[in-house]
Amino acid sequence: MNQKEEHTKPSNFIRNIILEDIKSNKHGGKVVTRFPPEPNGYLHIGHAKSIVMNFGFALEFNGRCHLRFDDTNPTKEEQEYVDAIKEDVRWLGYDWGKHLYYASDYFEKFYQYAEQLIKIGKAFVCDLSPEEIRKYRGTLTEPGKESPYRNRSIEENLDLFRRMRAGEFKDGQRVLRARIDMASGNLNMRDPVIYRIMHVPHHRTGDKWCIYPMYDFAHCLSDSIEGITHSLCSLEFEDHRPLYDWFLDVLEVECHPQQIEFARLNLTFTILSKRKLIQLVREGVVTGWDDPRMPTISGMRRRGLPPAGIRNFCERIGVAKKESVVDVALLEYCVREELNRTAPRVMGVLNPLKVVIENYPPGQEEELEAINNPEDPSYGTRSVPFSREIYIERTDFMEDPPKKFFRLAPGREVRLRYAYFIKCTDVIKDEETGQIKELRCTYDPATKGGNAPDGRKVRGTIHWVSCNHAFSAEVRLYDRLFNHPYPDRAASEEGKTFMDFLNPDSLKILRGCMLEPSLKKAEPGRVYQFERIGYFCADSKDSTPGQPVFNRTVTLRDTWAKIEKRFQKQKKQGSKGRKRKKGKK
RNA sequence: UGGGGGAUCGUCUAACGGCAGGACCGCAGACUCUGGAUCUGCUAGUCUAGGUUCGAAUCCUAGUCCCCCAGCCA
């Protein structure tokens, strides 16, 4: 983690709480946090916020942060997810050291605590069916009814609970419930179920157990067992806090962590619900969990987003209890900020247009020196081959350029980055289609390296590659997956689903892009800046030695695109205005 | 006549009774061998109505709007 990241941390309500707790020596001045994912899916940028917060506070206050898998429901959880989650947290730059835990490691302890609860008359075995339990629970406005099994003797409860563990009953036949208050306004306190029977093997404990604890019971106890001081979770658990505290108050535990709730992250043009992300994968909208368009950590990794940029983003968005939607532009900003500092610059032409430099000697070649990263001299330089025939970007030439277009046009002179000034002398078109096939130019040998000894200036500098030296590659242009800033909201308002707001242009595959030769040995996962275009990551799955495939991480800020857009708008409005006037006449 | 939360520039977020600040976005300009980066400037906010106070985003009262909760999910 660099210095900048260290001391730009803005204040937030959780940090204020921790600061006060340290001052008052609440937990002996210690800070112990945890990141507690359920291994039932892949991590996404929303989890990153939680990871950065939990590990961040631990780092900041010289404490520690545990990675704990909340694996209390064997019907949903798999080892595959455990492995993926570990990889993602590590990739984000965090180290849990020896503090890797599983709720399932505490199953025996949980069980003992449950017996303790029974022994003090605070839990009972209930024979009501799931439907009956629901009916007895009451509604939001009406109190619930007490279960007829609520007043069983401690001995009977203990016996029944032990037989539950022993596997004497079928799934759903009985549950263990806490004995709290069926009239509570908080539904979570209406004798919540804390153990259920599931004859299902667990990915870690195998078939050792056929009863499994519920979240509310397991989570507070896991926190307590591990000596967590600050247990951070999202807003929807606010209602569960009284229950969290109830268990820890009633049971004999040494440690009573403080649960603090914060608003989870939402992003514009993005969906983050696990259910919906799964749907995108299952229905083949994306190629998998690690599709570069996915907001998953693995997707972002494959897309080329740097971990430091993601971390920085998570710091900048702050933490509060207000539900909010962060502009994805901020994420892009943080990504560019990091990549600008770290990505080596290269030249690649996405839509090639051939240029023949007529006064350059045929057969001649030279090596020109190019800077690898103007932001950091330690990246050094490289040499780029130049010759008589080159490719330039098709969009860098206009036959009839509008005002403010500084690039190549007939009779115009521009600079080829790190090479020479060239002037366009002729445009060669396909006779049938009228499409521009090739440009003829002349170069000024005196401008080698990019400067004119006579001091004359050119407004535009464009990138290029030498035809004979460049190699052809596939480049994938990724864009936002959705074309609406609030796909979920829009869907419910317009009676559609989030799938109706998929961006049809979220992926454009370009083949025949011409890249400078140095990129042949691009390492998969490495991100480069293609000068004047954007940042591109060598795909970690589809690249082969000598033949990389590139994913566009994010474009460069494009001022020209804005100007162009404005031109088009003016044009449209202009023609409308004219039409209107005509109509009036 | 259930319970729990939340409302500050377009967006995200500070200010804990003392000049409403920062970041992103947007706009304008400077600079530039990347129309990148960098630099400068501008626009723009306390949900409403009362009250307390020399002074209120902050305290009090009454409203309004939004979110969450009736899994043997987490």
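Side-chain atoms are counted along with the backbone in the values below, which use heavy atoms only and exclude waters and symmetry mates. By convention in this document, chain letters (A, B, ...) are assigned in the order of the sequence lines, proteins followed by strands, and residues within each chain are numbered from 1.
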B:U40 -> Watson-Crick or G-U wobble partner, both distances under 3.5 Å, gives B:A28

Checking all strands, does [X] fall into the base, sugar-phosphate, or nothing category for heavy-atom contacts under 4.0 angstrom?
X: A:Asn12; value: sugar-phosphate
X: A:Ile563; value: base
X: A:Asp239; value: base
X: A:Tyr333; value: sugar-phosphate
X: A:Arg557; value: sugar-phosphate

Where the side chain of [X] is concerned, which of [options] is the nearest nucleotide?
X: A:Asn340; options: B:A14, B:C12, B:G36; value: B:G36
X: A:Ala329; options: B:C24, B:A74, B:C12; value: B:C24
X: A:Pro130; options: B:C72, B:G35, B:C27; value: B:C72
X: A:Leu330; options: B:A14, B:C24, B:G2; value: B:C24
X: A:Arg532; options: B:U34, B:G4, B:A14; value: B:U34
X: A:Leu187; options: B:A70, B:C16, B:G35; value: B:A70

Since syn is defined as within 90° of 0, does B:G21 count as syn or as anti?
-> anti

Among A:Arg179, A:Arg150, A:Arg177, find the one that has a side chain to side chain donor-acceptor pair (under 3.5 Å) with A:Asp191.
->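 Of the listed residues A:Arg179, A:Arg150, A:Arg177, the side chain to side chain donor-acceptor pair (under 3.5 Å) partner of A:Asp191 is A:Arg150.
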
Of A:His66, A:Gln259, A:Gln258, A:Arg68, which is the lone residue that meets side chain to side chain donor-acceptor pair (under 3.5 Å) with A:Asp223?
->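 It is A:Arg68, the one option of A:His66, A:Gln259, A:Gln258, A:Arg68 that forms the side chain to side chain donor-acceptor pair (under 3.5 Å) with A:Asp223.
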
Is it true that the side chains of A:Ser231 and A:Arg34 contain a donor and an acceptor less than 3.5 Å apart?
-> yes

So, A:Ser383 versus A:Glu369: side-chain donor-acceptor pair below 3.5 Å or not?
->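 Short answer, no.
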
OP1 or OP2 of B:U13 less than 4.0 angstrom from a side-chain nitrogen or oxygen of A:Lys322, does that happen here?
->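 Yes.
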
